[in-house]
*Asks:* 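Here's a structure for you.
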Amino acid sequence: MNVTTTESVPQGRRAATLVMACVGVFVAYLPVTTVSVSLPAIQRAMHASTAQLAWVSDAFVLPMAALILTAGVVGDVHGRKKVFQAGLAFCAAGAAVALSAQSIEVLWIGQALAGLGAAALLPTTLALISHVVPDPRERGKFIGLWAMSLLSALALGPIIAGVILEHFAWRWIYLLAVPASLVAMACAARLLTDSRAAGSRRLDWPGQITAALAITALVYGVIEGGAESFSDPKVLVALCTAVVGAVAFVLVERRSDSPMLDLKLFRSAAFSATTLVAMISFLGLIGFFFALSLYFGMVQQLSTLEAGFRLVTVSLMAILVGAPVGRLMHRVSARVLITGGLLVSAGALLSLTTIDADTSYVSLVWRLALLGLGMGLVITPMTATAVASVPHHLAGMAAAGNNAFRQVGGALGPAVLGALLTSRATDSLSGHLAEAGLTGAQRQSVVSAVDEGGLGAVARMDLGPAQGRALGALSEAFLDGLHLCLIVSAVLTLLAAAVAAILLRAPRQARTVMAGSGAGAGADAGSGPGSDGAEAPPRRGAVAAGREFDRR
């Protein structure tokens, strides 16, 4: 097998690798917003509850969160080209299964297979770029294009889904991923050269098993607790299992000779801060798309295309902001950019708490653009700082760890916000039904239908002349739940801003570590300034800083 080195990589090889990496991450992330904006259509067709809809999103994100670190190690050990092509194959298989799904359970399986593919593609595409672009500063430009491809997938997803659902059934949103993945596999076979990581990394199966157990049990407990009750025995067992799994993961990783996630990374306050920010940001972003897509479908009764044009505002603004922010990092500290972006995002979320059933597009779009502006200010410096905050030999693992926690947040988003939304809306529904003039028997039948079949069950009821009033009451109850979700998201975002402002105040020695840390195999960013925006010192200082980091 021909395995390249990082010396004298031809420009054509670099360009081909960049194109394939961008295609790979585009395919990986396309299902996120394509499916999110289609949730109302899926709910109507499958008669799914809110908890079942949350699992449609989480069935994709959970495998990505649980397996992304392992996929990076497999690529390092067995060859990144193989893992890249395997990821595309899983994406195609998952889309094909979802395309043929006749039940919500089969749709979950298709989503899970696509999530496995995304878990393989995310670290591998970054590792391929890092391999052919060894210079940290030049790599930053390539990583910027990679990030734009990711955001482009998030931006185009709602529009693609909207156009398809204007003319066809919801399942056809999965069709594009099948030929796109297969064509990318064929191109990769010719354009990519395999590579592996130097050193002797090996798979950490105990760490993988305990991590997957903790993440899956946590998300399951949150979703089922919101749908049923957090005192339900199965929910309590799931949450206890999550705690035991997390503790076991820490113990296993501390004793492992080749840990999946070296816990020494968390000695860096900057890495800990950016990891927490990454998790909270994606919890809010993916959860926000989940809740707002239901608002457009259930409250405003918009078509998928109309909803898509509104949701695309967030990703489009993040794309427009992302490029200049990458250049701005050399002049403005990451602490200022991240904290400022989070404050802007929190302000946007709080401004959305005033929306109601009649909120116009003009009134809504500036708030969504403001949220996209905040996210655009956060994403690039957050990832670059995570990588730059640790010694060089841990940089690749730092990038993968930051990505993994980001996906954990993405998995918890629909779970947490879906649970809050359902709980608050269900609690307030009876009162709104009474205000709408429904009789006691009618109120009881509507509440029972919601308890059994979710909020969407009201639209399938036949209440005669009271049907319109019942749907109006449902909209008001849904808005109560949505407003609670937005307030909780804003509070979490403010908490993340406080964490960034405090922990990114790096001492002088830590700045030396950060500035001297490049992105290793699988790194998620190119070079970036330290927390104070200083230029990197000579490499010798970085080595000394890395030794000091290891002694702490």
*Asks:* So with a 6.0 Å cut-off around CH2 of Trp172, is the heavy-atom count from everything else above 12?
*Replies:*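 Atom CH2 in Trp172 is not crowded, with 12 or fewer foreign heavy atoms closer than 6.0 Å.
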*Asks:* Please find the pair of heavy atoms, one from Cys91 and one from Ser181, that lie closest to each other, and give the distance.
*Replies:*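 The answer is CB-OG, 3.7 Å.
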*Asks:* Minimum heavy-atom separation for Gln52 and Trp108, please, with both atom names.
*Replies:*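 Taking Gln52 first and Trp108 second, the nearest heavy atoms are O-NE1, 3.4 Å.
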*Asks:* Are the side chain of Thr274 and the backbone of Phe271 linked by a donor-acceptor contact shorter than 3.5 Å?
*Replies:*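 Looks like yes, one N/O pair under 3.5 Å.
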*Asks:* Answer yes or no: is there a donor N or O on one side and an acceptor on the other, between the side chain of Ser423 and the main chain of Leu420, under 3.5 Å?
*Replies:*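 Not confirmed, Ser423 side chain does not pair with Leu420 backbone.
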*Asks:* Are the side chain of Ser100 and the backbone N or O of Ala96 linked by a donor-acceptor pair below 3.5 Å?
*Replies:*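 Yes; judged by distance alone, with no hydrogens or angles, the pair exists.
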*Asks:* Only counting residues at least two apart or in another chain, list the ones meeting side-chain contact (heavy atoms from CB on, under 4.5 Å) with Ala184.
*Replies:*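 By the side-chain contact (heavy atoms from CB on, under 4.5 Å) rule, Ala184 matches Met20, Val23, Leu88.
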*Asks:* Just by distance, no angles: are the side chains of Ser445 and Gln442 close enough, under 3.5 Å, to form a donor-acceptor pair?
*Replies:*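 Short answer, no.
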*Asks:* Walk me through whether Gln300 and Tyr361 qualify under side-chain hydrogen bond (donor to acceptor under 3.5 Å, both in side chains).
*Replies:* CA-CA 11 Å; Gln300 291 205 321; Tyr361 174 75; over 6 Å; no
*Asks:* Any idea which heavy atoms bring Val37 and Ser293 closest together, and the distance?
*Replies:*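 In terms of heavy atoms, the two residues are closest at CA-CB, 4.0 Å.
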*Asks:* I'd like to know if the side chain of His483 and the backbone of Ile355 have a donor-acceptor N/O pair within less than 3.5 Å.
*Replies:*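 Such a contact is found between His483 side chain and Ile355 backbone.
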*Asks:* Rounded to the nearest 0.5 Å, what separates atom CG in Leu39 from atom CZ in Phe296?
*Replies:*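 The CG atom of Leu39 sits 13.0 Å away from the CZ atom of Phe296.
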*Asks:* Give the C-alpha distance, both sets of side-chain angles, the deciding distance and a yes or no for side-chain hydrogen bond (donor to acceptor under 3.5 Å, both in side chains) between Ser303 and Glu306.
*Replies:* CA-CA 5 Å; Ser303 69; Glu306 291 172 323; 3.3 Å; yes
*Asks:* Kindly say whether Val56 contributes a backbone atom to a donor-acceptor pair with the side chain of Gln111 at under 3.5 angstrom?
*Replies:*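 Yes; at least one donor-acceptor contact below 3.5 Å.
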*Asks:* Just by modelled atom types, is the Ser351 backbone N or O under 3.5 Å from a matching donor or acceptor in the Arg367 side chain?
*Replies:*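 It does hold such a pair.
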*Asks:* Is the side chain of Thr313 donor-acceptor paired with the backbone N or O of Arg310 at a distance under 3.5 Å, no angle test?
*Replies:*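 At least one qualifying donor-acceptor pair exists.
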*Asks:* What is the minimum heavy-atom distance between Val25 and Thr125, and which atoms define it?
*Replies:*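 Looking at all heavy atoms of both residues, the shortest contact is N-CG2, 4.2 Å.
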*Asks:* Would you say the side-chain atoms of Thr34 pair up with the backbone N or O of Ala161, donor to acceptor, closer than 3.5 Å?
*Replies:*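 Looks like no, no N/O pair under 3.5 Å.
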*Asks:* Looking only at non-hydrogen atoms, find the nearest pair between Pro63 and Gly115 and report the distance.
*Replies:*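 Looking at all heavy atoms of both residues, the closest pair is CB-C, 4.0 Å.
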*Asks:* For Ser272, does its backbone N or O pair with a side-chain atom of Thr275 as donor and acceptor, under 3.5 Å?
*Replies:*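 No, the answer is negative, given that no donor and acceptor are paired below the 3.5 Å cut-off.
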*Asks:* Hey, are the side chains of Met375 and Val344 touching, using non-hydrogen atoms and a 4.5 Å cut-off?
*Replies:*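 Met375 vs Val344: side chains apart.
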*Asks:* How close do Ala238 and Tyr220 get, counting heavy atoms only, and between which atoms?
*Replies:*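 Scanning both residues completely, I find the closest heavy atoms to be CB-CD2, 3.6 Å.
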*Asks:* Pair Val97, Val106 - check side-chain contact (heavy atoms from CB on, under 4.5 Å), show working.
*Replies:* CA-CA 7 Å; Val97 170; Val106 175; 3.9 Å; yes
*Asks:* Checking Asp356 side chain against Thr359 main chain: does a donor-acceptor pair fall under 3.5 Å?
*Replies:*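 Pair found, side chain donor or acceptor close to backbone of Thr359.
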*Asks:* Assign the ring pair Phe478 / Tyr295 to parallel, tilted or perpendicular, where the plane angle (0 to 90°) is split at 30° and 60°.
*Replies:*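 Ring orientation, 0 to 90° scale: parallel.
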